[in-house]
Amino acid sequence: MTDEILTLKEVADYLKLAEKTAYRLAAEGKLPGFKVGGSWRFKQADIQSWIEKQKASSKSNIETE
């Protein structure tokens, strides 16, 4: 199975963020995740897709300036 599920700590490490920042982004709905028994979990494929969207958004913002 390639849809590996990551914990909040693993996502924070992967994105090189503080756990608190990753938690805040998830809680605000800015980072794609879901709760299991009160703990945040993330599909690795969703995180990769989110990264690509962030890159595209960032690139289009630069081009319009």
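No hydrogens, no waters, no symmetry mates; every other heavy atom, side chains included, goes into these values.
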For this session: Report the residues that fulfil salt bridge (charged side-chain N to carboxylate O under 4.0 Å, His left out) with K20, sequence neighbours left out, ordered by chain and then residue number.
Result: none
Exercise. Shortest non-hydrogen contact from W40 to G33?
Worked result: CZ3-C, 3.6 Å
Exercise. Name the one of I5, L31, L15 that satisfies side chain to side chain contact (heavy atoms under 4.5 Å, CB included) with F42?
Worked result: L31
For this session: Go through T21 and R24 one step at a time and tell me if the side-chain contact (heavy atoms from CB on, under 4.5 Å) criterion holds.
Result: CA-CA 5 Å; T21 302; R24 181 178 50 80; 3.8 Å; yes
Exercise. Rounded to the nearest 0.5 Å, how far apart are CD of E19 and CD of E10?
Worked result: 10.0 Å
For this session: Decide yes or no for I51 and Y14: does some side-chain heavy atom of the first lie under 4.5 Å from some side-chain heavy atom of the second?
Result: yes
Problem set entry | Any residue meeting side-chain contact (heavy atoms from CB on, under 4.5 Å) with K30, in chain and number order, not counting sequence neighbours | L25, E28
For this session: To the nearest 0.5 Å, tell me how far R41 CZ sits from L8 CG.
Result: 8.5 Å
